Structures are given as C-alpha cells and as structure tokens.
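Shown next, in structure tokens, is the structure this report addresses.
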Amino acid sequence: MGVHPPLRRPALPPPPPALYTGGMIVLGIETSCDETAAAIVAADGPRILAETVHSQLDEHRPFGGVVPEVAARAHLDRLDGIVALTLDRAGIGFAALDGIAATAGPGLIGGVMVGVTTAKALALAAGKPFIAVNHLEAHALSVRLVASVPFPYLLLLISGGHCQLLAVEGVGHYRRLGTTIDDAVGEAFDKAAKLLGLGYPGGPALERAAAAGDPERFALPRPMLGRPGCDFSFSGLKTAVRHAAAALAPEDARGRADLAASFQRAVAASLADRTRNAAAMFRTLHPAGRHLVVAGGVAANAVIRAALDRVADGSGLALALPPPALCTDNGAMVAWAGVERLRLGLTDGLDFAPRPRWPLDPAAPKAAFAGVKA
Ligand code: KG4
Ligand code: ZN
C-alpha cells in the first residue's frame, strides 16, 4: 500500500469543550460485511480504549468475494470471543459501559442480525442502553473521533457498497448531493482487480499492482467528467477495463500493472471532478462549512487521497481524512457513532429491527439503478 498523508488537522478552533468531556464509555459492534469487529471508545478525549478487528478474508478468498451465509456463520462463531477480548484489552467489565452500540444496517442482513442480537442481549443483561447505528453514519462521523471537525461538513463516502456525496449537517441530519447511478467505487475496484487476476480483496491488491504501473498507458474513460451535478458512474470504466484486460497476454505483468494504474487514475479523476462540483453546491448551502471529509474503505487509497487533497485546496476546504484503519470497516467508528447518539439521548428499544437498506437521507430520490444499498 502507498504512503498515506497524515491527517491534516484543520486550522479551526476546537469544538466547545463541553462536547468532549464526561466519562461516557460505549462498546461498538460491527458485523455488516466481512469484518467482525468490536471496540470500546471513551467520549473523554475522545479515546479508543481497545479494539479488535477480525477480517474474514481467509473464509471468503476461495469464493473470490464475500459470501453472505459464510459471513453470517463466521460472525456468529467469533463475535462473543471478540467482545470478551476487547473488554479484557480495555481492562473493564460490562458495568463500566454507558451504552452498547451495534451496526443495525445497511448491510448483509445475516451478519447485521448477529451483531444486533448480541448487542441487545448484552444491553439487556447489563442493564445498559442499546444504540442502533447506521453503518453509513458510523463512516460519516468517524473523522470526529480523531479530529476537531464541526458540523456542517461535506462528506465523500466511498466504500464497497456506497458512493455518495453528502452534506453532514448534524448527527442524524444528512443531505445527499450525489450518488452513483450504477456501481459503487469499491465494487469497481474489486471487479477491476478480478479482471486483472489480482486476487481478493481487490482494492488494496489493485493499489499495490498500480504502484509499479504507468497510469498514462491506457486511455480509459473518465466517467461523468465535466457533467453538471455530482452523481457517479463506474460501469463504463469497468467495461473498458474488461476489453483492455482481454487484449493482454496472460503473462504480461507489466501490462496488468499499467492497466491497474490507468484505472486508478481514471477513478481518482472522476471522484475529484464530482467532488469539486459538490464542494460548490456545499458552499452555497453552507457558506460557514469548512471541511471536506472522506470516509469508507476506498479512502485508504493513497492516489485517491492525493487527488482529493488537491480538490480541497482548490475549493477552499480543509481536507480531513481518518487514518486508513478507521476508513475500512471497524468497531471504533460504531462505538463513536454510539457516543455521538447517546450524548444526544438517542437510544433505541430492544424491538429495533435490523435494516438491510437504510439511507442516510431518506428524502433523496432513489437512484436509477439497483444493487447499491442506499
Ligand atoms: O468501507 P469498507 O471496508 O466496507 C464497506 O462498507 O463496503 O470498504 C470496502 C471496500 C472494498 O471494495 C475494497 O476493495 C475497498 O474498500 N478498498 C480499497 C482500498 N482498500 C479497501 N479500494 C482502493 N484502494 C484501497 N487501498
Ligand atoms: Zn463500510
């Protein structure tokens, strides 16, 4: 993986101290895809007291992608042990917790049910509030665990299931500015990696292969470039990669690296172009907003991070990037979303039903495609 620029702390006053005091401690559980994760976060600081992430890569590798039933079974087998280990690492028991949060959607429903059921059982047994966390909100708020980023901010959420631009106006308050009309960007990385025979998981493998490649070699389409608005599209680019990959000889490692680099550059250019338009929309909506935040697994990509750094500079926004480990799925972001909700008194009943689909901005029109969760 490339070198990740350090989190650039915006030159702004910190949020009011009242927000970050108080010894609130929350356990967060994440099981919506192929990471079984738990973490304990203290609002004071804020600090991650302990975290454990078990990636199910080995379980899914033989299938070349995440198999929902395999994922649900693996979450079920491991989650109790991971929660116990995380409490041990933090040196606390259930009694010290102020709340128990779990991703309650969107995501693979079998896994989500494992996490939610476990969290509810623990909440009931320990007499603690349960907090149902929207996985996308966990990504959206994760930056505030590591940097002083006040609302409102512009968010580019780029993951395996999602590709959206949102104005984050407060906890539970999101306005979607753009979304993908076909594939999510992480999905495009995974499919391109598969076409190039780079193995699984695709995103990091493609970034590694691209590091040795020539990004100028293949003239691939730059999806949506120059169009008004800030929606995304990646299916045309994927088709172009398929054709270019089919024309390469199987032993042509150089060609594969060049194609990976060209693909990565095309994606970065498209994301940058769309985000530039969104920044203009955001400045009209929220002239006082100062930050561009990037979250989700694809935000771990160094070439994309660098492209977005230039967009932020040109748009007069400070770029705030969570470190890569906080960009891919993890328990700390769920615990932190739990803290943000709990301190506003937003808890949930034990009858809360997991949601396979749970858009952050329910008022946004449905995108004209299927297959992306929000
Ligand atoms: O946020 P995440 O961990 O899970 C979802 O909620 O989807 O994102 C996973 C996605 C996968 O598609 C993965 O290939 C992509 O993020 N990804 C990357 C990189 N690391 C993870 N894509 C490009 N470059 C990377 N370094
Ligand atoms: Zn995610």
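The figures here come from the full heavy-atom set of this structure, side chains too, leaving out hydrogens, waters and symmetry mates. Only a predicted model underlies this, so the values are computations on that prediction, with no experimental measurement involved. We count ligands from 1, going down the list as the structure has it; atoms in each ligand are counted the same way.
In this structure, Gln264 falls outside the shell of residues with a heavy atom less than 4.0 angstrom from ligand 1. Residue-ligand proximity: His135 is placed with a non-hydrogen atom under 4.0 Å from ligand 1. Using 4.0 Å as the threshold, Gly161 has a heavy atom nearer than that to some atom of ligand 1. Residue contacts with ligand 1 do not include Cys33, since none of its heavy atoms lies under 4.0 Å from the ligand.
Here Arg176 does not pair with Asp361 in a salt bridge; the nearest charged N to carboxylate O distance is not below 4.0 Å. Using a 4.0 Å cut-off between a side-chain N of Lys or Arg and a carboxylate O of Asp or Glu, Arg222 and Asp273 do not qualify as a salt bridge. Using a 4.0 Å cut-off between a side-chain N of Lys or Arg and a carboxylate O of Asp or Glu, Asp252 and Arg256 do not qualify as a salt bridge. A salt bridge links Glu216 with Arg265: the distance from a Lys NZ or Arg NE/NH1/NH2 to an Asp or Glu carboxylate oxygen falls below 4.0 Å.
Those atoms of ligand 1 with a heavy atom of His139 less than 4.0 angstrom away are 1 (O), 6 (O). The contact set between ligand 1 and Thr328, taken as ligand atoms under 4.0 Å from a residue heavy atom, comprises 3 (O). Close approach of ligand 1 to Gly160 (heavy-atom distance below 4.0 Å) involves ligand atoms 5 (C), 7 (O), 8 (O), 9 (C), 10 (C), 12 (O). Numbered from 1 in the order shown, with element, the atoms of ligand 1 that lie under 4.0 Å from a heavy atom of Pro204 read 19 (C), 20 (N), 21 (C), 25 (C), 26 (N).
The Zn ion (ligand 2) lies at 2.8 Å or more from every N, O or S atom belonging to Cys33. The Zn ion (ligand 2) has an N, O or S atom of His139 closer than 2.8 Å.
Looking at every heavy atom in both residues, Gly236 comes nearest to Pro221 through O-CG, 4.2 Å.
When the heavy-atom distances from atom 21 (C) of ligand 1 to Gly296, Gly297, Ala210 are ranked, the shortest goes to Gly297.
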- Task: Carefully, step by step, assess Leu154 and Leu177 under the rule side-chain contact (heavy atoms from CB on, under 4.5 Å).
- Result: CA-CA 9 Å; Leu154 175 63; Leu177 306 178; 3.8 Å; yes

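Chaining together hydrophobic side chains whose heavy atoms lie under 4.5 Å apart places Val67 alongside Phe63, Val70.
Screening residues 61-80 for side chain to side chain donor-acceptor pair (under 3.5 Å) gives Thr36-His75, His54-Arg78, Gln56-His75, Asp58-Arg61, Glu59-Arg78 as the qualifying pairs, with residues at least two apart or on separate chains.
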